[in-house]
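The chains referred to below are lettered A, B, ... by the order of the sequence lines, with proteins before strands, and numbering in each begins at 1.
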Amino acid sequence: MDLVCEVKNLRLKYPGEESLLFKDVSSSFCKGEKVLLLGPSGCGKSTFLQVLSGLIPKSIEVPMKAEKILTPSSWGYVFQDPDTQFCMPYVDEEMAFVLENLQVKREQMHEKMRVYLKMVGLHFDDLHISIQSLSGGMKQRLAIATVLALHPDVLFLDEPTAMLDPEGTKAVWDTMKQAAQDKTVIIVEHKIDHVLDFVDRILLFNQKGQIVADGPKEQIFSRYRKEIREDGIWYPGVWEDYLRDKQGYYKKTPLKEQVVIELEQFKGYRKKEVKIDVPYGKVHAGEWIAIVGKNGAGKSTLLHSLMQFIQTTGTYLLLEKEAKKIKKLSNMLSFVFQNPEFQFVTNSVYDEIAYSLRIERMKEEEIRTKVEEMLELFHLQKHRHQHPYQLSMGQKRRLSVAASIVKKQPIMLLDEPTFGQDSSNTFQLLELLEHYRKQGSTILMVTHDEQIAKHMATRIWRIEGGKLVEDEIHSCEDEQMYVQI
Amino acid sequence: MKGLKLTDILVTIVISIVFGIVYKLWGPLYYAVKPIGLHVDQLIYGMWFIAATVAFLIIRKPGVALIAETAAASAEFITGSEFGIEVLLYGIVQGLFAEIIFAIFRYKKFNIGVVMLAAAASAAGSLIMDLYKGYIDDLVFWNLLLFIGARLIGSIIIAGAFAYYLVKSLEATGVTNLVRPASHEDYDALN
Amino acid sequence: MDFDIKETWLHKINPSLKLLFLIVLFISVLFIHNINFLINYTVAAFLLFAFFTGHPMKRILLLLIPFVLIFVSTATSMIFFGKGETTWWKWGLIHITEESFYRGLHLGFRALIFALLGLMFSLTTRPVFLFYSLMQQLKLKPKYAYSFMAGIRLIPIMIEEFQTIRQAMIVRGVEQRKGLANFFHKLKAYSIPLLSQSIRRAHRIAVAMEAKRFSNDTKRTFYYEIGFSKYDLCFVLYFIIAILLSYYAAKMLPFFPVTDVRYIE
């Protein structure tokens, strides 16, 4: 078979890191193969992909050497973050950027744009449309279209759906199956539901950056199920496996008497327009509410309204007090942002958790006991001196939650806390949240994950077009109750 | 300008655009402070030099200070600065003066002293421009001295010391490793 | 920045020419010392800004508000503290003389005309066209031009991010701390996430651009070809005529009896 891509005895080390990321790693890829690279976060899969394409060391300087390296002559690369693959503001201009690079004549550009956009199923009447107005899934398909313009033999996909909702994820893989049938495709991905029927071979990495298995997907899956599960990969059936192990941990309990939030004709405004409307809602202590709905439906806006980031009208009682009259809402509500980095304000994990306690002028000894307790519960003891930015994705997320709730506020608001996380980190976080819920905390959480809504939440609020349209309580055992709105 | 890769330029320009927006917001603040008199406004003037020093400290390559200050001024101009076209010319001169200081130290010194010196040089550059533009020599002597002193001190504090500590905290996050070249030790470790 | 803008002839001027010509105008204004001439000239620039940028009147008026501040603030510091012999008024450190008054006023108009011309440019020039034109007419290297365009694309994303950081700071309690040390703490708390996110983004975009075969060395075609037109001539002629008329009117119908603010009799 024709070899399109090969590395032999690759060694690579990131500057400032103590040890090599790869030590004598070898692999090769044949024409037309569809290969999935699997492994735990931080094992170097993405780096490996960048080496195979030649981006390392050509565009990214990372110390590396290999006995032999063969990069494909024509290739395309789709990256993870939909917002950082484009340099131009409009769809036509971004497509033009690639065509200009290939020195396509100006007169032919429009026709070619249409061709490539059609391949990924994007149809616009006017191509001069702002990229920022597209959904994440559409942006990624646009990225694929620009890459197809390069006529690549080999496609490198670096977690192209990590930052997409389920709908966008499906659309991207459907597109890929259509457009890349005849190409060699090498994929790094954590969420592999839609990927599995597309690939035929799997390469499994371990924590140390070694390739532990390489073979047909069926074989890898049956032999390495345990490893794949421990690596935090979202394989089909991961939820069933997890819930079987944790039977009884997420136990639905009867509604408690105490009402913590009461809403009536509650509306939140952005630029004087109603963006979220809750006709009626009563939240009891110890509830876990999953706020679900499509992108842009107003889920985050609901949290922002509760947090009083934006203007609101109507009744909003917090523990029977009018929320507008409460001076420091952050004493009752904690808020966890989607991007953990935005809420970090200090230079170490320890200081980060201690921060809000220090503002309250608590005694240092008292602070120490509290922080130590949090460090242990959130598995961050070993990282206490590290800079928050230097943590892994999962650790950053846990730290952001720990630092937000250290004051033991009775109500937690979380904006897609499991977004982009691997399965082990997701489960770890969910267990922590359930731990707090059992102690009486109330949780309101925006999520796209139907499994979380189904198995963890005690109640689901569905938002559609800026309005709370469905309120579904699952209290004790499988009994479901719908509240009329 | 040998050695500036696309990454270096893009990072420089994006940082500069962040500061360009700060520059733009600084305009109304400056004009609001100005009528207080006694050149209190000059104490905050130094913010307009910060792009050059911060960008240089992050990327540490020749040409970065000049490009950064020019780019920040361009961003300020494009977003509709109150100062109009003059910000572009000022930007180039201020960037050039900071660049000269870094060049004198052969782009090998990144300590706080050099950064303060570069900030002061930018201030000097802006004063030369003012000489042509604003009749500043028509101010009475004590006032002129106060004017120059306030601008220099403000620059050294904001574009010098503050810029230096800002980049220090940025380094702690590890993000600057993305743009700094790898060392020989890193390469040697491969063997 | 998407606004409801009507495209006017000012939008159709070649952006490089517009920019260079504005620089020439900027420098020429520095040589005007007759306040009457400058006032007339300012009026000519104001007409373009007010009626030909294609923006709705409401926005134009809104943009005018800071101009008043610029004018007053620039003028007063020279009027109050400038050198001069013919005293009009004195109170403590404030010393208003005939000379400082006219010079201050002159400086005020100067600041005003720079602001008007500059804003006229940014209201009528799309950055993408400006950078395409700079590449085509002034041979700006593509790596600079595209870096700029990529950076400008990020502005709305950064603004959104800034708002999120602000909310996060309120929740964390950073906002409630006061004092000068905390001012710098606050400044740092905002800049670190913004800058680190920007550096990462810029780095990723640069890699993505190279992955899309962007190269500074090879020749490239252009999606937009920016050329010259009759509007360019109109623009240049407008200012030449405006300058001549302003000068003539200043001679014939002066507002103030001063011809050179540097030397006042």
Should the heavy atoms of other residues, nucleotides or ligands under 6.0 Å from NZ of Lys5(B) be counted, would the total exceed 12? yes

Between CG of Asn347(A) and NZ of Lys168(B), what distance do you get to the nearest 0.5 Å? 12.5 Å

Kindly give the heavy-atom pair with the smallest separation between Tyr14(A) and Asp186(B), and that separation in Å. O-OD1, 4.3 Å

How many angstroms lie between CG in Asn177(B) and CD in Glu17(A), if you round to the nearest 0.5 Å? 8.5 Å

Nearest 0.5 angstrom please: Asn191(B) CG to Arg11(A) CZ, how far? 7.0 Å

Check against side-chain contact (heavy atoms from CB on, under 4.5 Å), Leu190(B) and Lys13(A): CA-CA 7 Å; Leu190(B) 295 173; Lys13(A) 176 180 177 292; 4.2 Å; yes

Does atom OH of Tyr165(B) have more than 12 heavy-atom neighbours, drawn from other residues, nucleotides or ligands, at distances under 6.0 Å? no

Tell me, side chain or backbone of Leu12(A) under 4.5 Å from chain B's heavy atoms, or both, or neither? backbone

Thr7(B) and Glu61(A): CA distance, side-chain angles, deciding distance, side-chain contact (heavy atoms from CB on, under 4.5 Å) verdict: CA-CA 10 Å; Thr7(B) 318; Glu61(A) 193 200 341; over 6 Å; no

Quick check on His385(A): does its NE2 atom have over 12 non-hydrogen neighbours (other residues, nucleotides or ligands) under 6.0 Å away? no

Smallest heavy-atom separation, Thr173(B) atom then His387(A) atom, equals CG2-CE1, 3.4 Å

Looking only at Pro15(A), Pro63(A), Ser59(A), most heavy-atom pairs under 4.5 Å shared with chain B are made by Pro63(A)

